[in-house]
Amino acid sequence: MKRLLVTGAAGGLGRVMRARMARFAEIIRVSDIADLGVAAAHEELVTCDLGNSEAVMALVDGCDGILHLGGISVEDKFSKILNANLLGLYNLYEAARAHGMPRILFASSNHTVGFYRQDEHIDATAPMRPDGLYGVSKCFGEALARMYFEKFGQETALVRIGSCMERPLNHRMLSTWMSHDDFEAMIDCIFRAPMLGCPVLWGISNNDSRWWDNSHAAYLGWKPRDNAEKFRAELEATVGRPPASSPLALYQGGMFTKDPIFSEKA
Ligand code: NAI
Ligand code: 15L
């Protein structure tokens, strides 16, 4: 690619991936509403609110691919989710439609299916069961992307990320964890694939105790190499197992299932 856009580049995952993106394109356009620091030689920095349609139109202009990590990433007030994850996504897809439909990787979330129990194994055809307004916003994002694919041919990978971080932090993440290396390899497969379409992909490493089946996406050639199991002994010795009645042990979305609807007044 000539130019890859990375949104949410000041965030937790964005900072890690920003540092790994140089090999993917000649120019990396990094964007966020928050401070992006100093540009590397191969980078363009653009501060932008995803909720601002004109700014997003300019942001996408000239890009051949979009790694869309930007947005509200946990349960929050609906007004914040509405601006970044609903309006922001609409703005992104309208901008992509106006600028040659660059392929998009949309960072969706396991919280689209958070109310499945941990003893259920599901694939990409399972009905959505979001565990909060954040999860609902990712369901909206997936539906929006699907509509732009059916109507216009806009390709998107809908990546339902489990827990992408340095290491799993609790027992639930022995199932949901995805290593940074495996995510980078997935990004590579998604942007290199001759034909992508609009698949739902589960963003997890090759964890022994996984709940989600990615076999429908074998055509992408993504083979996650890491396995959260290597952290099990250490986690059980330090954090321990949650009680069997805890949402952390019951639901795929863990504690997100217990989040309240946050008041706009607070
Ligand atoms: P994060 O919250 O650390 O980063 C998100 C970034 O989006 C922040 O830098 C924030 O400033 C930016 N942002 C928020 N509102 C914005 C707006 N209106 N305009 C422009 N930028 C805005 O989240 P993280 O962990 O880096 O996740 C990245 C993406 O991956 C998010 O979309 C999240 O929902 C998704 N995801 C992440 C998972 C993980 O394990 N890290 C798991 C599942 C999904
Ligand atoms: C998410 O969707 C969040 O963005 C992230 O912060 C993690 O909490 C992750 O899910 C998870 O479920 O572990």
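Just follow the structure's listing: the first ligand is 1, and inside any ligand the first atom is 1. These figures come from a predicted structure and were not determined experimentally. Computation of the quantities below employed the complete heavy-atom set of this structure, encompassing side-chain atoms and omitting hydrogens, waters and symmetry-equivalent molecules.
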Fill in: Ligand-residue contact atoms, ligand 2 with M173, heavy atoms, under 4.0 Å
13 (O)
Worksheet item: S108 pairs by side-chain hydrogen bond (donor to acceptor under 3.5 Å, both in side chains) with which of R160, E142, H68?
Response: E142
Fill in: Option with minimal heavy-atom separation from atom 12 (C) of ligand 1, where the choices are L50, D32, N91
D32
Fill in: Donor-acceptor pair between S205 and D226 side chains, under 3.5 angstrom
no
Item to complete: Would you mind listing which atoms of ligand 1 come within a distance below 4.0 Å of any non-hydrogen atom of G162?
Response: 40 (O), 42 (C), 43 (C)
Worksheet item: Should the ring pair F256 and Y134 be called parallel, tilted or perpendicular, given that the plane angle runs from 0 to 90° and is split at 30 and 60?
Response: tilted
Worksheet item: Which residue and non-hydrogen atom of the protein lie closest to atom 1 (P) of ligand 1, and at what distance in Å?
Response: S73 OG, 3.6 Å
Discussion item. If we only consider heavy atoms of S108, is any one of them less than 4.0 Å away from an atom in ligand 1?
Written reply: yes
Response to the item:
Short version for S109: what comes under 4.0 Å of ligand 2, heavy atoms counted, is side chain
Practice prompt. Please identify which atoms of ligand 2 are closer than 4.0 Å to at least one heavy atom of F256.
Written response: 8 (O)
Item to complete: Show which atoms of ligand 1 fall inside a sub-4.0 Å distance from at least one heavy-atom site of S163.
Response: 40 (O)
Discussion item. Give me the nearest non-hydrogen protein atom to atom 21 (N) of ligand 1 as residue plus atom name, then the distance to 0.1 Å.
Written reply: I33 N, 3.5 Å
Worksheet item: Just which atoms of ligand 1 are under 4.0 Å from any heavy atom in Y134?
Response: 33 (C), 34 (O), 36 (N), 44 (C)
Fill in: Heavy-atom side-chain proximity of D188 to W222 below 4.5 angstrom
no
Fill in: N110 (side chain) donor-acceptor with I161 (main chain) under 3.5 angstrom
yes
Worksheet item: Less than 4.0 Å between a side-chain N and a carboxylate O, is that true for E236 and R232?
Response: yes
Worksheet item: At under 4.0 Å between heavy atoms, which part of C48 makes contact with ligand 1: side chain, backbone, both or neither?
Response: backbone
Discussion item. With a 4.0 Å cut-off on heavy atoms, is G203 in contact with ligand 1?
Written reply: no
Discussion item. A cation-pi test, strictly: NZ or CZ of R129 under 6.0 Å from the centre of the six-membered ring of Y116 and no more than 45 degrees from its axis. Yes or no?
Written reply: yes
Practice prompt. Could you list the atoms of ligand 1 found under 4.0 angstrom from a heavy atom of D49?
Written response: 17 (C), 18 (N), 19 (N)
Worksheet item: Tell me: protein heavy atom nearest atom 35 (C) of ligand 1, and distance?
Response: A107 CB, 3.8 Å
Worksheet entry | Residue and atom name of the nearest protein heavy atom (relative to atom 7 (O) of ligand 1), distance in Å to one decimal | G71 N, 3.0 Å
Worksheet item: What protein heavy atom is closest to atom 31 (C) of ligand 1, reported as residue, atom name and distance in Å?
Response: L69 O, 3.1 Å
Worksheet, complete the sentence: In this structure, atom 4 (O) of ligand 1 is nearest to the protein heavy atom G11 CA, 3.4 Å
Discussion item. Heavy-atom pairs closer than 4.0 Å: do any link ligand 2 to the side chain of N110, the backbone, both, or neither?
Written reply: side chain
Item to complete: Decide whether an N or O pair under 3.5 Å exists between H111 and ligand 2.
Response: yes
Fill in: Min side-chain heavy-atom separation D49-N83 under 4.5 Å
yes
Response to the item:
Atoms of ligand 1 under 4.0 Å from any heavy atom of N83, numbered from 1 in the order shown, are 18 (N)
Worksheet item: Which value, rounded to the nearest 0.5 Å, describes the distance between I104 atom CD1 and L196 atom CG?
Response: 10.5 Å
Worksheet item: Does K2 pair with E26 as a salt bridge, N-O distance under 4.0 Å?
Response: yes
Worksheet entry | Lys/Arg-Asp/Glu bridge criterion (N-O < 4.0 Å) met for R103, D64 | no
Worksheet item: Can you check whether a protein heavy atom sits less than 4.0 angstrom from atom 7 (C) of ligand 2?
Response: no
Worksheet item: For H111, is the nearest heavy atom under 4.0 Å from an atom of ligand 1?
Response: no
Item to complete: Examine distances only and state if a side-chain atom of S246 and a backbone atom of P242 form a donor-acceptor pair shorter than 3.5 Å.
Response: no
Worksheet item: Is there a donor-acceptor pair closer than 3.5 Å between any side-chain N or O of W177 and the backbone N or O of M165?
Response: yes
Worksheet entry | For atom 13 (O) of ligand 2, the protein heavy atom that lies nearest, with its residue and separation | S163 OG, 2.6 Å
Worksheet item: What atoms of ligand 2 come within less than 4.0 Å of a heavy atom belonging to G162?
Response: 9 (C), 10 (O), 11 (C), 12 (O), 13 (O)
Worksheet item: Under 4.5 Å between any side-chain heavy atoms of F106 and L144, yes or no?
Response: no
Discussion item. Please work out, at 4.0 Å between heavy atoms, whether the side chain, the backbone, both, or neither of K138 comes within that distance of ligand 1.
Written reply: side chain
Discussion item. Any donor-acceptor pair under 3.5 Å linking the side-chain atoms of Y148 with those of E94?
Written reply: yes
Practice prompt. Verify the ring-centre separation between Y251 and F115: is it less than 6.0 angstrom?
Written response: yes
Worksheet entry | Between Y90 and S53: side-chain donor-acceptor atoms closer than 3.5 Å | no
Worksheet, complete the sentence: G8 heavy atoms within 4.0 Å reach ligand 1 at atoms 6 (C), 7 (O)
Fill in: Nearest protein heavy atom with distance in Å, relative to atom 27 (O) of ligand 1
L13 CB, 4.1 Å
Worksheet item: Backbone or side chain, does any N or O of C164 fall under 3.5 Å from an N or O of ligand 1?
Response: yes
Discussion item. Return the closest protein heavy atom for atom 3 (O) of ligand 1 as residue, atom name and distance.
Written reply: G12 N, 2.9 Å
